[in-house]
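Notes follow the structure.
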Amino acid sequence: MTTGADLLGLSPVMPVVVLDDAADAVPTARALLAGGIGVIELTLRTPAALASIERIAAEVPEIVIGAGTVTAPEHAKQAADAGAKFLVTPGCTDAVLDAAFDTGLPFLPGASTVSEAMRLAERGLTALKFFPAEASGGVAYLKSIGGPLPGLKFCPTGGITVKTAPDYLALSNVGCIGGSWLTPKDALAAKDFGKIEAFAAEASKL
Ligand code: PYR
């Protein structure tokens, strides 16, 4: 896996995971894998995130572990040092972009407007995160920009459910979608990894 475009082909749904406790990292990764999902976007939204990435990279090497919510330049190197195999950003600044390039890792930079997407394409980035998907116009928006921007592919994320996922996946400019519903807070709090496996099994068939 060497490019952002490769990332879009790993799974129909890329789970977007928020962990409060690094002890949940390995069981969550194993549950997703058992359900047929081979990739995780572990978001840097909690103090447990980097340790979670480190544990998954060390103990569940079969899953492709990436870091999401890379919003500051230093996050890129921290995530790479923890063992992340790719990076995801919700939006983009030049400094974050430079730091992501410096790691040598494939990454999905975030865009939610045509101009942002065009700027990223100018830097050779043609596989993009579309965030926040539903709030930014959802399926209709992505369909509309497919005409003028035929070379770009997206991973829409934000507000997508198992019910709305097929509408996104049917678009020719969507490679995969990001989903947070596979690892809900209540299941994690209850350590109900069977529930996570069941959501993963359903999502892997989309
Ligand atoms: C991120 O936080 O990176 C997303 O994918 C939204």
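Start at 1 and go down the list; that is how both ligands and their atoms are numbered. Because only heavy atoms are used, hydrogens play no part in the values below, and waters and symmetry mates are left out as well, while side chains stay in.
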TODO: Working to the nearest 0.5 Å, report the span between CG of Leu149 and CG of Asn173.
DONE: 8.5 Å

- [ ] Would you mind listing which atoms of ligand 1 come within a distance below 4.0 Å of any non-hydrogen atom of Glu41?
- [x] 1 (C), 3 (O), 4 (C), 5 (O)

Task: Close N or O approach (Thr89, ligand 1; < 3.5 Å) - done: no

- [ ] Please verify whether a non-hydrogen atom of Gly178 lies at under 4.0 Å from ligand 1.
- [x] no

Open item on the list: Using a strict threshold of under 4.0 Å (side-chain N to carboxylate O), is an ion pair present between Asp24 and Arg55?
Closed with: no

Open item on the list: For Arg30, is the CZ atom crowded, meaning more than 12 foreign heavy atoms sit under 6.0 Å from it?
Closed with: yes

Task: ligand 1 contact by Val88, heavy-atom criterion under 4.0 angstrom - done: yes

- [ ] Please indicate whether any nitrogen or oxygen in Thr157 is less than 3.5 Å from any nitrogen or oxygen in ligand 1.
- [x] no

Open item on the list: Within ligand 1, which atoms have a heavy atom of Arg45 less than 4.0 Å away?
Closed with: 1 (C), 2 (O), 4 (C), 6 (C)

TODO: May I ask whether Leu105 and Val16 are part of the same hydrophobic cluster, defined by side-chain heavy atoms of I, L, V, M, F, W, Y residues being less than 4.5 angstrom apart, directly or through others?
DONE: no

Task: Options Thr69, Thr43, Val18, ranked by nearest heavy atom to atom 3 (O) of ligand 1, top entry - done: Thr69

Open item on the list: Which of the numbered atoms in ligand 1 are under 4.0 angstrom from any heavy atom belonging to Phe131?
Closed with: 6 (C)

Open item on the list: Are Phe86 and Val18 connected into the same hydrophobic cluster when the rule is that any two of I, L, V, M, F, W, Y join if their side-chain heavy atoms are below 4.5 Å apart?
Closed with: no

Open item on the list: Are there over 12 heavy-atom neighbours, none belonging to Lys77, within less than 6.0 Å of that residue's NZ?
Closed with: no

- [ ] Run the numbers for me: atoms of ligand 1, each under 4.0 Å from some heavy atom of Gly68, listed by number.
- [x] 3 (O)

- [ ] Check the angle between the aromatic planes of Phe154 and Phe130 and answer parallel, tilted or perpendicular using the 30° and 60° thresholds.
- [x] perpendicular

